[in-house]
Amino acid sequence: MYALIDANCFYCSVERSFNPALEGKPVIVLSNRDGCVVARSNEAKDLGINMGQPFFQLAELRKQHDIAVFSSNYALYGDTSARLMSLLTHFAEDVEVYSIDEAFLLVEGFECLYPSYQDLGEIIRAKIDQWLRIPVSIGFGPTKTLAKIANRLAKKTPEHNGVCVLDTPEKIDESLKNFPVNEIWGVGRQSARKLECFDIKTADQLRKVPIDWIRQMMTVNGVRLVYELQGHPCKLLEVGQKPKKSFCTEPGFHRVTTDLAMIEDALTAHLSRVCEKLRRQNSLAGCLTVYLKTNRYRKTATGLPDKQHNPSRTIVLPHPTNNVLDMIHYAVGALNEIYAPDYHYQKVGIMLTDLVSADYRETNLFTAGLDEKRLKLSNAVDKLNQRFGSNKLRLASQQHNPEWPMQFQYLSKRCTTRWSEILEAK
DNA sequence: TCTGGGGTCCTAGGACCC
DNA sequence: TCTGGGGTCCTAGGACCC
C-alpha cells in the first residue's frame, strides 16, 4: 500500500500557520513578480478566484472583499516543506518527496502497528496539525495512481475528513466509476480530449480499455496508467534525491523591452544564479542554451497581437564547467546571435544541460591551474552571498540597470530562516 | 500597466553507420 | 520495371507534472 500525503493549498496554509488572524479569511499567494495567483484558500476559491488568474484582474474583487494577498515566500515554504517531510519519516521508512507539498509513503508492513490504514492516516494528520499547523489530505491505495485518486477524494469529500483508503476491490470499483478521467494523475488536457472523443469519461472506463489501443493513444505512459488503475504498480517509490538533469532560469522582465544592454545584464544575472544551482548539486554543464521570449498576450497600439519571436541558441561548451566565467562569453555571444532589435522581449532564459558530476571533471591540460583558482573563487563568492545575501558580490557586467529584478510587494517574513525576521510574540 | 517558473519523459524523424 | 536490412545517436517538439 502506498499513501500520498498532500498539503491543502500549501502556500496559503503556511502563511496562515504563522498568522492565525488569517483563519477563515480568503488568502491568495502570487507567482513571481506578483503576476498570477498560484495558491488559493477555500474562501478565495469560493469567491471565484481561479488558479493562474492574473493578479491585476482581481482589483475589483479586492475592493469588495477583504482578501489577504501574499507574494511567494519560497524561503518560508521551502523550510516548512522540509519540516513536513522530516516529520513523515516517523511513519514510514520509505518516503518519496514528490513535490514541495506532496510525499508518497510505502506503508506496507506498517499496518500491524496501527488498527487500520484509516487510523494511520488520522494519526499522521493530527501530528502534522499539532507540529506544523498545516492541514493535509491523505489517500491510501495499492498503486501510486490509486493513492493519488484516494487523496483527491479525501480532499474533495468532506465526509472523508481528510483520509480516504482504497484497500478493497469494492471500494476501488465504486470510486473509479465516478472519477472523471481528466482528473487522473498523468491525464492532461490533450489526452482527456482524445479520450473524450471515444466516450471515455471515467477512470473506470479507462481501466478497461485494450492495452494496444491505449499505447497508440497515449504511448507507454498510457499503458502504465491503465495498469496502475487496475492495481498493478508500474510507478515505484523513488526515494533519495536524484540529481537534476538540467537547470534553467527564465524570470521575466518587469515590462517588455527592446534594450539589448538590459537583456545582457539580466542574462548575466540569470547565468550566475543557475551556476550556483549547479555548484550546489556538485555538477558541471556540458551544454548551454540561451533563449528569448516575447509576450504572447501583448497587443500593439492598434489592438492587433504583437509580433512574436522566440529564438534559441544552444552551445556545446568546450569542457563541462560550473563556472560563470567560463560560460559568460558563450552565453552573451549566443544572445547577440538570436537578438533582433524590432521585437518586444518579455524574458531571456538560460538552460544548462548535459550535466555530469563534478567528480568526473575533465581538466584542460593548458588551463588546469587556472580552473582550480576559478573553482575556489566561485566557492568563495557562493559563501559570501549565502552569508550576506544573494547578489551582494557579482560580476561587474551584471545589474548596470536594476530595472528588471524581481518585485515582491506582499512578502511575508522569512521567519524560520532569518534571525532578523523572527516572529515576535506580544 | 500588469498574464510564473521551474522540471521530466517519450516519440518521430533525420542523419549517419555497416 | 524492379534499388536491402539492419543498427545507433541526436534533436525538436509534445505532453505531462508541481
Side-chain angles (χ1 to χ4, degrees), chain A residues 4 6-7 9-11 28-39 49-60 62 69 71-72 74 77-78 81 96-104 144-145 148 151-152 182-195 214-225 234-235 238 241-257 270 273-274 277 281 286-287 289 291 293-299 301 305-306 310-314 316 344 346-355 403 406-410:
Chain A
L4 174 63
D6 183 329
C9 39
F10 182 59
Y11 294 178
I28 58 172
V29 177
L30 305 175
S31 64
N32 281 354
R33 277 190 10 268
D34 298 339
C36 292
V37 177
V38 293
I49 299 173
N50 291 321
M51 188 68 180
Q53 190 166 4
F55 179 51
F56 71 88
Q57 291 177 357
L58 298 180
E60 203 50 43
R62 288 180 67 208
V69 177
S71 305
S72 285
Y74 292 117
Y77 309 153
S81 171
E96 173 185 341
V97 178
Y98 179 66
S99 75
I100 192 162
D101 72 327
E102 274 175 78
F104 286 101
K144 285 166 89 173
T145 303
K148 265 275 197 191
N151 183 283
R152 177 66 68 104
N182 62 312
E183 287 184 22
I184 301 173
W185 185 40
V187 178
R189 207 176 316 169
Q190 299 299 324
S191 308
R193 202 181 304 154
K194 276 194 219 166
L195 293 171
I214 195 68
R215 185 190 300 275
Q216 260 187 344
M217 287 305 272
M218 291 178 63
T219 77
V220 68
N221 292 314
V223 175
R224 288 191 191 121
L225 182 54
C234 295
K235 303 178 181 182
E238 291 172 10
Q241 290 154 319
K242 279 197 290 185
K244 292 245 187 340
K245 297 176 175 179
S246 70
F247 286 108
C248 76
T249 182
E250 48 159 285
F253 306 121
H254 184 47
R255 48 172 62 99
V256 292
T257 184
H270 300 351
R273 243 183 63 165
V274 86
K277 293 189 197 174
Q281 183 176 285
C287 215
T289 302
Y291 48 95
K293 285 187 181 173
T294 43
N295 183 343
R296 64 198 157 118
Y297 300 105
R298 194 170 188 273
K299 300 259 196 303
D306 202 4
N310 300 296
S312 75
R313 178 95 165 84
T314 298
V316 178
H344 299 99
Q346 175 71 33
K347 57 173 64 167
V348 59
I350 182 142
M351 177 154 59
L352 301 180
T353 48
D354 283 16
L355 305 192
E403 193 192 333
M406 306 266 193
Q407 296 180 355
F408 298 95
Q409 206 181 330
Y410 309 97

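Only this structure's heavy atoms are used, side chains among them; waters, hydrogens and symmetry mates stay out. Numbered from 1 within each chain, the chains take letters A, B, ... in sequence-line order.
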Under 4.0 Å, heavy atoms only, any strand: does [X] hit a base, just the sugar-phosphate, or nothing?
X: Lys299(A); answer: nothing
X: Ser191(A); answer: sugar-phosphate
X: Gln346(A); answer: sugar-phosphate
X: Lys194(A); answer: nothing
X: Ser72(A); answer: nothing
X: Leu58(A); answer: nothing
X: Arg189(A); answer: sugar-phosphate
X: Arg224(A); answer: sugar-phosphate
X: Lys148(A); answer: sugar-phosphate
X: Phe55(A); answer: nothing
X: Gln53(A); answer: nothing

Looking at side-chain heavy atoms only, is the closest gap between Asn295(A) and His344(A) below 4.5 Å? no
I'd like to check the salt bridge (charged side-chain N to carboxylate O under 4.0 Å, His left out) partners of [X]; sequence neighbours left out, ordered by chain and number.
X: Arg296(A); answer: none
X: Lys299(A); answer: none
X: Glu250(A); answer: Lys293(A), Lys347(A)
X: Glu183(A); answer: Arg152(A), Lys156(A)

Could you give the distance from SG (Cys248(A)) to NZ (Lys277(A)), rounded to the nearest 0.5 Å? 6.5 Å
Which dot-bracket string describes DNA chain B (Watson-Crick N1-N3 plus N6-O4 or O6-N4, or G-U N1-O2 and O6-N3, all under 3.5 Å; [ ] crossing; | other strand)? ....||||||||||||||
Does the side chain of Ser99(A) pick up a donor-acceptor pair with the side chain of Asp101(A) at under 3.5 Å? yes
In Val69(A), Leu58(A), Asn50(A), the residue satisfying side chain to side chain contact (heavy atoms under 4.5 Å, CB included) with Val37(A) is Leu58(A)
Is the closest basic N to carboxylate O distance between Lys144(A) and Glu238(A) below 4.0 Å? no
I want to confirm an ordering. Mapping Gly52(A) and Asn221(A) to their closest nucleotides on DNA chain B, which one lands closer to the 5' end? Gly52(A)
Toward the 5' end of DNA chain B, which comes first, Asn295(A) or Val220(A), by nearest nucleotide? Asn295(A)
With heavy atoms of chain A within less than 4.0 Å as the criterion, where does contact along DNA chain C begin and end? dA15(C) to dC18(C)
